[in-house]
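On a predicted model such as this, the values are computed, not experimentally measured, just so you know.
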Amino acid sequence: MEVGELLKQTPLFAELSDGDIDTLGQSTRLETYKTGQVILREGRIGAAFFILVSGSVEVVKGMGTAEPVVVAMLGTGDFFGEIATMKHMTRSASVKALEETKCLVIRRLDFHSYIGRFPDLVAKVESALSARFGDRSHG
């Protein structure tokens, strides 16, 4: 399946026109991660936004320490990396693939220009975060 079709199936982008999807699709790539592969590392600057197409991941604080804490498990249709990407700050948690996982990846600069054109996208992201994490945020 091509990137544009995958974007259309993502609730975050479901209301966008085909033209907008085509524009976003040009700066989006599909990446595959192996079981156990770390996709994001806590403490690094956010450089991309990820949308899960298939598979599952765990969001972990303190990975590599004596007491890592799994703060969330995410699956198909979920997204991650948005806080650090939108605010250009360090990741607040690591994300690791629990099985073979495919993600749509949108680089920070491309994502920034896109949310500038579609500010309601930010509201959707924040709404989804509130529903998922309450007052806690992750990146």
Engineer: Could you check whether any side-chain heavy atom of V95 comes within less than 4.5 Å of a side-chain heavy atom of V38, counting everything from C-beta outward?
Structural biologist: no
Engineer: Between the side chains of E99 and T35, is a donor N or O closer than 3.5 angstrom to an acceptor N or O?
Structural biologist: no
Engineer: Please tell me whether F50 and L74 are part of a single hydrophobic cluster in this structure, the criterion being side-chain heavy atoms less than 4.5 Å apart.
Structural biologist: yes
Engineer: Taking the side chain as everything from C-beta on, heavy atoms only, tell me whether T32 gets closer than 4.5 Å to E100.
Structural biologist: yes
Engineer: For the OH atom of Y33 and the CG atom of L40, what is their distance to the nearest 0.5 Å?
Structural biologist: 7.5 Å
Engineer: Taking all non-hydrogen atoms of both residues, which atom of C103 and which atom of L52 are closest, and how far apart?
Structural biologist: SG-CD2, 4.0 Å
Engineer: Go through the side-chain N and O atoms of D20 and T23 and say whether any donor and acceptor fall under 3.5 Å apart.
Structural biologist: no
Engineer: First locate atom CE of M73, then atom CG of L98, and finally report the distance between them rounded to the nearest 0.5 Å.
Structural biologist: 5.0 Å
Engineer: So, the side chain of R91 versus the backbone of G81: is there a donor-acceptor pair under 3.5 Å, distance only?
Structural biologist: yes
Engineer: Determine whether F80 and V69 fall in the same hydrophobic cluster, where Ile, Leu, Val, Met, Phe, Trp and Tyr are linked whenever their side-chain heavy atoms lie under 4.5 Å apart.
Structural biologist: yes
Engineer: Roughly how far, to the nearest 0.5 Å, is the CD atom of E2 from the CG atom of L7?
Structural biologist: 9.5 Å
Engineer: Please examine the side chains of V60 and V71, heavy atoms only from C-beta on, and report whether any two atoms are closer than 4.5 Å.
Structural biologist: no
Engineer: For F49 and F79, I'd like to know if the aromatic rings sit close, meaning centre-to-centre distance below 6.0 Å.
Structural biologist: yes
Engineer: Check the side chains of K102 and S54 for a donor-acceptor pair under 3.5 angstrom, ignoring hydrogens and angles.
Structural biologist: no
Engineer: Looking at every heavy atom in both V59 and A93, which two are closest together, and how far apart are they?
Structural biologist: CG1-CB, 3.6 Å
Engineer: Return yes if some donor-acceptor pair links the side-chain N/O of T101 with the main-chain N/O of A97 below 3.5 Å, else return no.
Structural biologist: no
Engineer: When you measure from the side chain of K61 to the backbone N and O of V70, does any donor-acceptor pair fall under 3.5 Å?
Structural biologist: no
Engineer: To the nearest 0.5 Å, tell me how far S27 OG sits from I106 CD1.
Structural biologist: 6.5 Å
Engineer: Between the main-chain N or O of G62 and the side-chain N or O of E42, is there a donor-acceptor pair closer than 3.5 Å?
Structural biologist: yes
Engineer: Please say which of T28, L24, I21 ends up in a side chain to side chain contact (heavy atoms under 4.5 Å, CB included) with V3.
Structural biologist: T28
Engineer: Please round to the nearest 0.5 Å and tell me the distance separating atom CD of Q9 and atom CD1 of I51.
Structural biologist: 12.0 Å
